[in-house]
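Just below is one structure, and these are the notes that go with it.
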Amino acid sequence: MNALREKARQTLDELDARTEPLKPKDRMAIEPQEMPAQEPRVRASNFKEVTLGYSEEQARLEAMRCLQCKNAPCISGCPVQINIPKFISQIVSKDYEGAVQTIKLTNILPSICGRVCPQEIQCQAPCTLGKALKDAGKSVSIGRLERFVADFERAKGIKQQSVKPETGKRVAVIGSGPAGLTVAADVRREGHSVVIFEAFHKPGGVMIYGIPEFRLPKAIVQAEIDTLRAMGVEIRTDYVIGRTRKLMDLLDKDGFDAVFVGTGAGLPKFMHIEGENLIGVFSANEYLTRINLMKAYDPQSDTPIMKSRKVAVLGGGNVAMDAARCALRLGADEVHLVYRRTETEMPARAEERHHAKEEGVVFHLLENAKRIIGNEYGCVTGMECLRYELGEPDDSGRRRPVPIKGSEFIMELDTVVVAIGNDSNPLIKRTTPEIETNKTNNILTDADGKTSVDRVYAGGDIVLGAATVILAMGQGRRAAASINKMLAASLDASPAAPEQHDI
Amino acid sequence: MHRIVIKKQLSQDVFQFDIEAPLIAAERLPGQFIILQTSDNAERIPLTIADADISAGTITIVFQAVGKSTHLLAAMNEGNHIPHLLGPLGTPTHIDQFGSVVCVGGGIGVAPLHPIAKGMKKAGNQVTIIMGARTRDLIIMEDEMRSIADEMIICTDDGSYGRKALVTEPLKEICSQDHKPNLVVAIGPPIMMKFCAETTRPFGVKTIVSLNTIMIDGTGMCGGCRVTVGGKTRFVCVDGPEFDGHLVDFDNMMKRLGAYREVEAQAHHQCHLDLGIKPTT
């Protein structure tokens, strides 16, 4: 890490000493800054964060690579349209505080997005620098810069966001994941009071129960949630809407003027193969929740997790990578990632795949589980797999994997983690028949995030199906904008004195 | 925070708590459960609601101290607060006028059976209650159940109270009568529910069982509670906890319940040492 920093310092000194402004050619000549990280062998046995973040020198140097192009294609690549060239130029001029505020105009969770957003397919994909260098991998590392300024701010104490005078309007937010937190912030800023209802005992949704500590430290999520609380957002944990209270009661009896549903992904999908309910077969949701939310790896926690020796993870997404890397950290001797297509088709981010391989996860491509084998105690002992080859493209445009006849083989295992996605959570639908959903139980909304029920909005995975933190936030922003518009209109229509409600 | 208003010891390891939880008390229906934690680091324990008092704003739970987490719960006293309590969860029991309903409760399974029997009686059914336990001291909530039952049968394995029999004996007799019951609801240890279902199967009497599997969130996210019902994977927390006993793969469920037995035994032993209780095993 120090070597990277030292090298950056030298280059930076040379550039700062120049009297003429940097030309695009000079910017293009600056080497892309590598992200310092824990050594793969070391990190594979701890839960501490893998990537360590840019030093100030590296951040400024990386920021100088930005060509500040007028059309800024990066902004349109960002689901929440951060003014990227502006915050990058603020880093160059050492105005880190200003850079954070630029980001926070449209994104309240920069320290989280800087870590978990798939920038390579969003803001960094259309980057002019990457195009000029004919390598998208050499685009400006926008995400790392976002993380740098957000961490800079957190270290100094996060500045409270301003809140307009109280309007007396009340908004209920169901779920405290990325969509819910975004709505809460955007709505609260306008002076409406906000109550978030969370079913778990800790707020944060997937950022707490799903994404592991080594990719997104929980203290960071907590700091972001504390910021919301400081803005006056109330969070009620252990409170499941649909059961503890019906959604419609929030509007009809509890005096809320609008409701946002951000209940996230639900029931894990299984493959429906023989042996899937044996002991030692987990959904990725269960495996990750035991580890991340319930801290099963911590001796202070009472929630157990199986001590596994040989683990197979089925799937090729970010969740599969998280589960595989968690299994390594829990002390498994072997972790196998089994995916029926090739690495090109994997939905997981390149960085996650790279990290997983570096740490020792063995990739089995063009292979898939046929059945899981158990012993007389009902415990997993192995898995029968089939080899595949790629055939014609399917509906998703990816070449369809076709099983090779007679290619069966057995993998000896004691644990299988199924990470092939989720169906939507059924609770709101089952307890709120008024709300329209599609065949897969996802809530239907219009372009403004409005559902079929008046004053009820929705966003995030419950609408999109399994997606990403930033897409959920984008949906939250859109819904919050329409909630704010609706409430502003009703305030104009009847500027009544603020009313207090107790529930 | 939820205050423990009343704590009663029903038998050596069985406790009843009345806990302040006004919202849950108002919303809960028979068959539903809660999940509680005694601290942030504690396991999430699912427990079926045995009763509720809307005016007092309390719910009643009955549990047996078997492992570390339930021992820590049992060590709490009146006036203490339970930091995390979530509910009511699960799909409520389908209560209707079926005709004659036999409610079979084994051990502390009588507690979750209580609101169901009460509901069935209120819906105009003829309610027969069969209660069973290993020995007399383990029979709980007898008065409450007696006040509901049209007919009451108590069995103990050792004959120390009521009939010396397993609950399946009187159940079989009742099913053999000319007027077969219209519905059986059996709640208790998995092995008892399995054999109740086997007993009623030849008579074609529909039998509902309530499953208590390992679960974490309890709201349809983790999938840890899954069971095989009629060859399909179902989730106890949202699809259940009640299922058609004739379709449940009890053997698979019982094996899955034992997934953490070794870890649990270790934690339990350590917990006894920490609480200053002489280890029983």
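In what follows, chains are A, B, ... by sequence order, proteins preceding strands, each numbered from 1.
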Honestly, the part of A:Val418 sitting under 4.5 Å from a heavy atom of chain B is neither
By a 4.5 Å heavy-atom criterion (distance strictly below it), what part of B:Asn252 contacts chain A: side chain, backbone, both, or neither? side chain
Specify the closest pair of heavy atoms between B:Thr219 and A:Ala199, including all atoms of both residues, with the distance to one decimal. CG2-CB, 4.2 Å
Taking atom CG of A:Asp302 and atom CG of B:Leu72, what is their separation to the nearest 0.5 Å? 6.5 Å
So what's closer than 4.5 Å to chain B heavy atoms on A:Ala296: side chain, backbone, both or neither? neither
Verify side chain to side chain contact (heavy atoms under 4.5 Å, CB included) between A:His201 and B:Arg44, making sure each step is shown before the conclusion. CA-CA 10 Å; A:His201 53 291; B:Arg44 294 168 68 86; 3.1 Å; yes
Before you tell me yes or no, could you show the steps for A:Arg245 and B:Ile24 under side chain to side chain contact (heavy atoms under 4.5 Å, CB included), namely the whole-Å CA-CA distance, both residues' side-chain angles and the distance that decides it to 0.1 Å? CA-CA 8 Å; A:Arg245 198 80 179 137; B:Ile24 301 176; over 6 Å; no
Rounded to the nearest 0.5 Å, what separation is found between the OH atom of A:Tyr287 and the CD1 atom of B:Ile216? 12.0 Å
How about A:Asn277 and B:Thr228: does a side-chain donor come under 3.5 Å of a side-chain acceptor? yes
Could you tell me the separation between the CG atom of B:Asp40 and the NZ atom of A:Lys202, rounded to the nearest 0.5 Å? 6.0 Å
Which distance, rounded to the nearest 0.5 Å, do you find between the CG of B:Leu86 and the OG1 of A:Thr237? 9.5 Å
Is A:Thr244 reaching over with its side chain to a backbone N or O of B:Gly87, donor-acceptor style, under 3.5 angstrom? yes
Nearest heavy-atom contact between A:Pro268 and B:Phe235 is O-CZ, 4.0 Å
At a heavy-atom separation under 4.5 Å, does A:Leu293 approach chain B through its side chain, its backbone, both, or neither? neither
Among B:Gln37, B:Met221, B:Lys255, which has the most heavy-atom pairs under 4.5 Å with chain A? B:Met221
Can a salt bridge be assigned to the pair B:Arg226 and A:Glu276 using a cut-off of 4.0 Å between side-chain N and carboxylate O? no
Check whether A:Leu267 gets within reach of chain B through its side chain, its backbone, both or neither, counting any heavy atom under 4.5 Å. both
Between CZ on residue A:Arg290 and OH on residue B:Tyr260, distance to nearest 0.5 Å: 3.5 Å
Could you look at A:Phe270 and say if it's the side chain, the backbone, both or neither that has a heavy atom under 4.5 Å from chain B? side chain
Which answer fits B:Thr91, side chain, backbone, both or neither, if we ask what part of it has an atom under 4.5 Å from a heavy atom of chain A? both
Could you walk me through whether A:Lys246 and B:Glu27 satisfy the side chain to side chain contact (heavy atoms under 4.5 Å, CB included) test, starting with their C-alpha distance in whole Å, then the side-chain angles of each, then the deciding distance to 0.1 Å, before giving a yes or no? CA-CA 9 Å; A:Lys246 299 275 182 293; B:Glu27 287 289 325; 3.2 Å; yes
Any chance you could lay out the side chain to side chain contact (heavy atoms under 4.5 Å, CB included) test for A:Val240 and B:Leu89, step after step, and finish with the verdict? CA-CA 9 Å; A:Val240 58; B:Leu89 302 171; 3.8 Å; yes
Part of A:Glu198 within contact of chain B (heavy atom distance under 4.5 Å): neither
Between the CZ atom in A:Arg243 and the CG atom in B:Leu23, the distance rounded to the nearest 0.5 Å is 15.0 Å
Nearest heavy-atom approach of A:Pro304 to B:Glu43 is CD-OE2, 3.8 Å
Electrostatic pair A:Arg430:B:Asp239 at N-O distance under 4.0 angstrom: yes
Output yes when a side-chain donor or acceptor of A:Thr289 lies under 3.5 Å from a complementary backbone atom of B:Cys222, and no otherwise. no
Okay, B:Leu85 and chain A: the region with an atom under 4.5 Å from a heavy atom over there is backbone
